[in-house]
Number of protein chains: 2
Amino acid sequence: MAISPLAMKRFRDHLATQGLKLTSQRKAIAEVFFAGDKHLSLLEILDQSKSIQRGIGYATVYRTMRLLTEGGLATEHKFGENQARYEPAIDGEHHDHLICLDCGIIVEFEDDEVEKMQEKHAAANGFAVVSHKHEVYVKCVPGRCRRPGGVRL
Amino acid sequence: MAISPLAMKRFRDHLATQGLKLTSQRKAIAEVFFAGDKHLSLLEILDQSKSIQRGIGYATVYRTMRLLTEGGLATEHKFGENQARYEPAIDGEHHDHLICLDCGIIVEFEDDEVEKMQEKHAAANGFAVVSHKHEVYVKCVPGRCRRPGGVRL
DNA sequence: ATCTCTGCAAACCGTTTGCAATTAT
DNA sequence: ATAATTGCAAACGGTTTGCAGAGAT
């Protein structure tokens, strides 16, 4: 659970260049977000932030995560829930997700081949790719569940 | 805009086996859904259904589409909107989507290669694929827009 | 006759915003 | 000093449901 000093610096810089302020709330939220488990929901971030800075409100978490998302430091996902989840974004990197319906675990994977095929299909139809969402919903192979009983989705 | 008699028959059968009734409302909704443009929202289906059967309510459309979805006759999508869209489902078939952010057009494509790669990544992580969501967001190549000015998303 | 279905209106749930008080610069 | 930020509570928007009356078998 070590905080990423790099990410925090990027956040600081982003705020500075926009003329925005680094408040204790934003700091707490960023610490939770950059240090914690990936793919947290707003409520989970709020909850964990409160143990650093009590009294933080949902709206502040919401607005801070929007700030991070717009600044390219966070990516928002909706994994078949009606709730958003956030993960730290690393500049040019991109990956897709395996989401386990049994245990809720989310595993990332990269695949250049898939990206190439997307380009191909887009071009064939007169389009240029802007972004994509590629989520593979899976179930554990019997006996190989990493989190028995830990259902989330 | 011809109605698919096949799909309608499947709907009839599905209702019959479940002990459910074929009402004039359900018929109107199914006609719109199976005959019309693909990827309609609930509101769009409601709107079009009203011209066949006036007085239809939103809740009925909602419940009928849930019926169709659960019965495997419809597939629900959320294309980066906060609103669901539905398309007729054809038994074993599956396809992915190109969604144009310029003009709102949604184009379908199939790719067995991509599916194979999904299997590969899932297996490598101890999972079995259940389903997937693969949406490629695109923009029109200049001069090749099929629906100039017809923005939806 | 019986059990399903409908439309309405209200509840829901996550997200988004207006506002008066607070805080970082 | 000044402009940004916060927490609250209310608004929003799509979805979901309870219920009494209408309808299909």
Side-chain angles (χ1 to χ4, degrees), chain A residues 8 11-32 39-47 49-71 74-86 152-153, chain B residues 8 11-32 39-47 49-71 74-86 152-153:
Chain A
M8 190 57 92
F11 183 35
R12 250 175 227 283
D13 290 352
H14 181 65
L15 290 174
T17 54
Q18 308 264 42
L20 304 178
K21 295 168 181 173
L22 178 58
T23 62
S24 60
Q25 290 92 331
R26 283 179 179 167
K27 207 160 138 188
I29 292 164
E31 279 179 19
V32 166
H39 311 302
L40 298 174
S41 68
L42 287 179
L43 243 25
E44 289 167 349
I45 296 170
L46 172 62
D47 221 48
S49 299
K50 276 181 176 166
S51 55
I52 299 180
Q53 261 287 316
R54 58 191 196 67
I56 289 186
Y58 181 93
T60 301
V61 176
Y62 166 74
R63 289 187 274 232
T64 301
M65 292 315 296
R66 181 167 61 184
L67 207 57
L68 287 167
T69 303
E70 288 173 354
T75 308
E76 186 183 299
H77 293 284
K78 289 208 176 168
F79 295 120
E81 300 170 298
N82 47 349
Q83 177 185 204
R85 291 185 176 278
Y86 298 83
R152 186 172 65 196
L153 292 178
Chain B
M8 190 58 92
F11 184 35
R12 249 176 227 283
D13 291 350
H14 181 64
L15 290 175
T17 54
Q18 307 265 40
L20 305 178
K21 295 169 181 172
L22 178 58
T23 62
S24 60
Q25 291 92 331
R26 284 180 179 166
K27 207 160 140 189
I29 292 165
E31 279 178 20
V32 165
H39 311 302
L40 299 174
S41 68
L42 287 179
L43 244 24
E44 288 167 350
I45 296 171
L46 171 61
D47 222 48
S49 299
K50 276 181 176 165
S51 55
I52 299 180
Q53 261 287 316
R54 57 192 196 68
I56 289 186
Y58 182 93
T60 301
V61 176
Y62 166 75
R63 288 187 274 231
T64 301
M65 292 315 298
R66 181 167 60 185
L67 206 58
L68 287 166
T69 303
E70 288 172 355
T75 308
E76 185 183 300
H77 292 286
K78 289 207 177 168
F79 295 121
E81 299 171 298
N82 46 349
Q83 177 185 205
R85 290 186 178 277
Y86 298 83
R152 187 172 65 195
L153 293 176

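In what follows, every chain begins at residue 1, and chains take the letters A, B, ... in the order their sequences are listed. It should be emphasised that the depicted structure is a prediction, and the values quoted were computed from it without experimental measurement.
Between A:E76 atom CD and C:dT15 atom C1' the separation is 10 Å, expressed in whole Å. With rounding to whole Å, B:R26 atom CZ is found 14 Å from C:dG7 atom C1'. In this structure, CZ of B:R85 is placed 10 Å from P of D:dT15, rounded to the nearest angstrom. Atom NZ of B:K78 is separated from atom P of D:dG13 by 16 Å (rounded to the nearest Å). Rounded to whole Å, atom P of D:dA3 lies 19 Å from atom CG of A:L15. Between A:K50 atom NZ and D:dT6 atom P there is a gap of 15 Å when expressed in whole angstrom units. A straight line from NZ of B:K27 to C1' of D:dA24 spans 13 Å, rounded to a whole angstrom. When rounded to the nearest whole Å, the span between NE2 of B:H77 and C1' of D:dT15 equals 18 Å.
A 4.5 Å side-chain heavy-atom check between A:L67 and A:Q18 finds every atom pair outside the cut-off. Side-chain atoms of B:T64 and B:Q25, non-hydrogen and from C-beta on, never get closer than 4.5 Å to each other. Side-chain atoms of A:L40 and A:V32, non-hydrogen and from C-beta on, do get closer than 4.5 Å to each other.
Taking the screw axis at each terminus of the helix from C:dA1-D:dT25 to C:dT25-D:dA1 from five consecutive base pairs, the angle between the two is 30° to within rounding of 10 degrees.
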Report the C-alpha distance between B:L42 and B:Y86 in whole Å, list the side-chain angles of each, state the deciding distance to 0.1 Å, and finish with yes or no for side-chain contact (heavy atoms from CB on, under 4.5 Å). CA-CA 8 Å; B:L42 287 179; B:Y86 298 83; 3.6 Å; yes
Go through B:K27 and B:Q53 one step at a time and tell me if the side-chain contact (heavy atoms from CB on, under 4.5 Å) criterion holds. CA-CA 9 Å; B:K27 207 160 140 189; B:Q53 261 287 316; over 6 Å; no
For the pair A:I29 and A:M65, evaluate side-chain contact (heavy atoms from CB on, under 4.5 Å) and give the outcome as yes or no after the intermediate values. CA-CA 8 Å; A:I29 292 164; A:M65 292 315 296; 4.1 Å; yes
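Between atom CD1 of residue B:I56 and atom OG of residue B:S24 there is a gap of 7.0 Å, rounded to the nearest 0.5 Å. The NE2 atom of A:H39 lies 9.5 Å from the OG1 atom of A:T75; values are rounded to the nearest 0.5 Å.
Listed for the B:R26 side chain is a donor-acceptor partner under 3.5 Å among the backbone atoms of B:K21.
Looking at heavy-atom distances under 4.0 Å, A:L22 makes contact with sugar-phosphate atoms alone, never a base. A:L42 comes within contact range of the sugar-phosphate backbone alone, with a heavy-atom separation under 4.0 Å but no base atom that close.
If you check residues 57-67 of chain B against DNA chain C, the residues with a heavy atom closer than 4.0 Å are B:G57, B:A59, B:T60, B:R63, listed by number.
Residue B:I56 is the one, among A:K21 and B:I56, whose nearest nucleotide of DNA chain C lies closer to the 5' end (criterion: closest heavy atom). Taking for each of A:A84 and A:L20 the nucleotide of DNA chain C with the nearest heavy atom, the 5'-most of the two is the partner of A:A84.
Residue A:T23 places at least one side-chain N or O under 4.0 Å from the OP1 or OP2 atom of D:dT6. Side-chain N/O atoms of B:Q25 include one lying less than 4.0 angstrom from OP1 or OP2 on C:dG7.
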